[in-house]
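The next block holds one structure in the form of structure tokens; read it before the comments.
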Amino acid sequence: MKAGVFALGRSMLGSLRDLAPIVLVIAFFQLVVLQQPIPDFFNLLVGFLCVVAGLTFFIYGLEMGLFPIGGSMAYEFTRKGSLFWLLLFAFALGVGTTVAEPALIAVAAEAAQVAAAGGMIAMEPQAQLEYASGLRYTVAFSVGFAIVLGVLRILKGWSIQYMIIGGYLVVVIMTCFAPKEIIGIAYDSGGVTTSTITVPLVTALGVGLASSIKGRNPMIDGFGLIAFASLSPMIFVMAYGMLM
Amino acid sequence: MGFWEQFSDITLATIKDVMPIVVILFGFQFGVIRRRIANLRKVLVGFVYVVLGLALFLLGLEKALFPIGRLMAEQLTDPDFIRAWSGPSDMGLRWYDYFWVYIFAFAIGASTTIAEPSLIAVAMKANEVSGGSIGVWGLRIAVAIGVAIGISLGAWRIVTGYPIYWFIIAGYIIVVIQTFFAPKMIVPLAYDSGGVTTSTVTVPLVAALGLGLAETVPGRSALIDGFGLIAFASLFPIITVMAYAQIAELRTKRSKITD
């Protein structure tokens, strides 16, 4: 118990150090550049303490819960040797973590506005809603597809360079043909899909798979799932913009 | 809204977000793998910590960081503020009059990336897997510099109005060339670091900056030009992380020669 409290205290110091740069940047710009007083100091302090405590708990829980379960499930799947279930798991994880992602919901709603303003769909709220949810499911499906592809890559030991470079080529070619309004959103949608809980889990899964398969190097084969998950939505969103 | 009310709202929302993941994890664990989880209690406690931590983190951001960050982005992109620094000019604003915006973009990009929880997670894992040869701080700083460059370049692009795909395609070309020269070990991690940078802290602040700029710079549309900063923030870390590994390799080679 005492050791636990000690560890928590130490990681709290770490969080303070992690957040110090933001505080310095904001204080400098507010006081020196903008020359404005800091508004609502009390709320700011409370909020800052919440961020410190939150980051501390998150990192602490990461090592206790998320990392071990990601790793142990990867190990169990390879021990079981069932490719079908592993790929289904990868797909479900990709779709399930993305479809409810708040950042994605926000981006999809804005994309619908862009599409309506650009005359691609009707101005009515109903049409926009349909467009937005269509986009959301497209992105969720594309992330599921990406994780499956990434897991297959780890299993087969394919080299990641050619797959990513091939993906880039597809993005570049599609950029020439996709409607102009969708390009910015498509590029951004790659970044918004990977949430704070998905990243550690997927990383632990990849590294766990690469460490439990003979002949795979966890450093070379274990990473890369996130890269797939942020590349494939760009392709799928541009395709969605072209087809709709 | 009171503090506790807000806290319970955010906690519920976080639980809702985490629920699909928990269902998938435990569904497969009990339905397919059919084995007891080692240290089940510890794992569950860990999950509670993660959810609680994330909720507190989001609450704090919502209360402290985002309001002031958005306000600052608004004030910094305000034409009156920019004119006050550039002196009276009858020609309108030139791109370099926005220099505080670029500096702010650089500083806020770097500092929010240092605090990004998912980057901390990946850096911890990479440090563990590489047996310590990739430092947690080295990776985090390399990514932070990449995000900083990306966002300030993205802000400059909004001001000047060049098409976004020029930059993205040029960035891709650099990534492809670097891939052939960088140490093999770093390549997958570098590709990953593009996606991890943009989750909880960076996106809302950067989006506010982009929208603020696109709304005030004449001739820009908030809808078309406001987007795209996140894409910059996820491309440039790939370049800087590979550069970090290349520099580290170069230095070890050089020290071997001098020995």
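On a predicted model such as this, the values are computed, not experimentally measured, just so you know. Throughout, protein chains are lettered first and strands after them, A, B, ... in sequence-line order, and every chain is numbered starting at 1.
- Listed for the B:K125 side chain is no donor-acceptor partner under 3.5 Å among the backbone atoms of A:F67.
- Of the residues considered (B:L76, B:I103, B:I238), B:L76 shows the highest number of contacts with chain A, using heavy-atom pairs under 4.5 Å.
- Within the model, atoms CG of A:L86 and CD1 of B:I33 stand 9.0 Å from one another, a figure rounded to the nearest 0.5 Å.
- Judged by distance alone, the side chain of B:D192 and the main-chain N or O of A:F223 form no donor-acceptor pair under 3.5 Å.
- Surrounding CH2 of B:W137 are more than 12 heavy atoms belonging to other residues, nucleotides or ligands, all under 6.0 Å away.
- When heavy atoms are compared at a cutoff of 4.5 Å, A:F28 approaches chain B solely by way of its side chain, counted from C-beta outward.
- Residue A:L88 touches chain B through both its backbone and its side chain, counting heavy-atom pairs closer than 4.5 Å.
- Atoms CE and CD, from A:M73 and B:Q29 in turn, are 5.0 Å apart once rounded to the nearest 0.5 Å.
- Between atom OG of residue B:S111 and atom CG of residue A:L19 there is a gap of 9.5 Å, rounded to the nearest 0.5 Å.
- The side-chain contact (heavy atoms from CB on, under 4.5 Å) search around A:P68 returns none, not counting sequence neighbours.
- Chosen from B:A110, B:P20, B:A231, the residue pairing most often with chain A at heavy-atom distances under 4.5 Å is B:A231.
- Note: B:I120 leads B:I120, B:L52, B:L59 in heavy-atom pairs under 4.5 Å with chain A.
- Considering only heavy-atom pairs separated by less than 4.5 Å from chain A, the leading option among B:L189, B:T179, B:V175 is B:L189.
- Counted within 6.0 Å of CH2 on A:W158, heavy atoms from surrounding residues, nucleotides or ligands total more than 12; the atom is thus considered enclosed.
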Show which side-chain atoms of residues 41-65 of chain A pair as donor or acceptor with protein atoms under 3.5 Å away, not counting sequence neighbours.
{"residue": "A:N43", "atom": "ND2", "partner": "A:D40", "partner atom": "OD2", "Å": "3.1"}
{"residue": "A:T56", "atom": "OG1", "partner": "A:S15", "partner atom": "OG", "Å": "2.9"}
{"residue": "A:T56", "atom": "OG1", "partner": "A:V52", "partner atom": "O", "Å": "2.7"}

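- Inter-residue side-chain proximity for B:I173 and A:Y168 is flagged as unmet; no heavy-atom pair is nearer than 4.5 Å.
- Ranked by heavy-atom pairs under 4.5 Å with chain A, the list B:M19, B:E128, B:R140, B:K184 is led by B:R140.
- Going from atom OG1 of A:T175 over to atom OH of B:Y165 covers 9.0 Å, rounded to the nearest 0.5 Å.
- From A:D18, atom CG reaches atom OG1 of B:T113 across 12.0 Å, with rounding to the nearest 0.5 Å.
- Using cut-offs of 30° and 60° on the angle between ring planes, the pair B:F28 and A:W85 is perpendicular.
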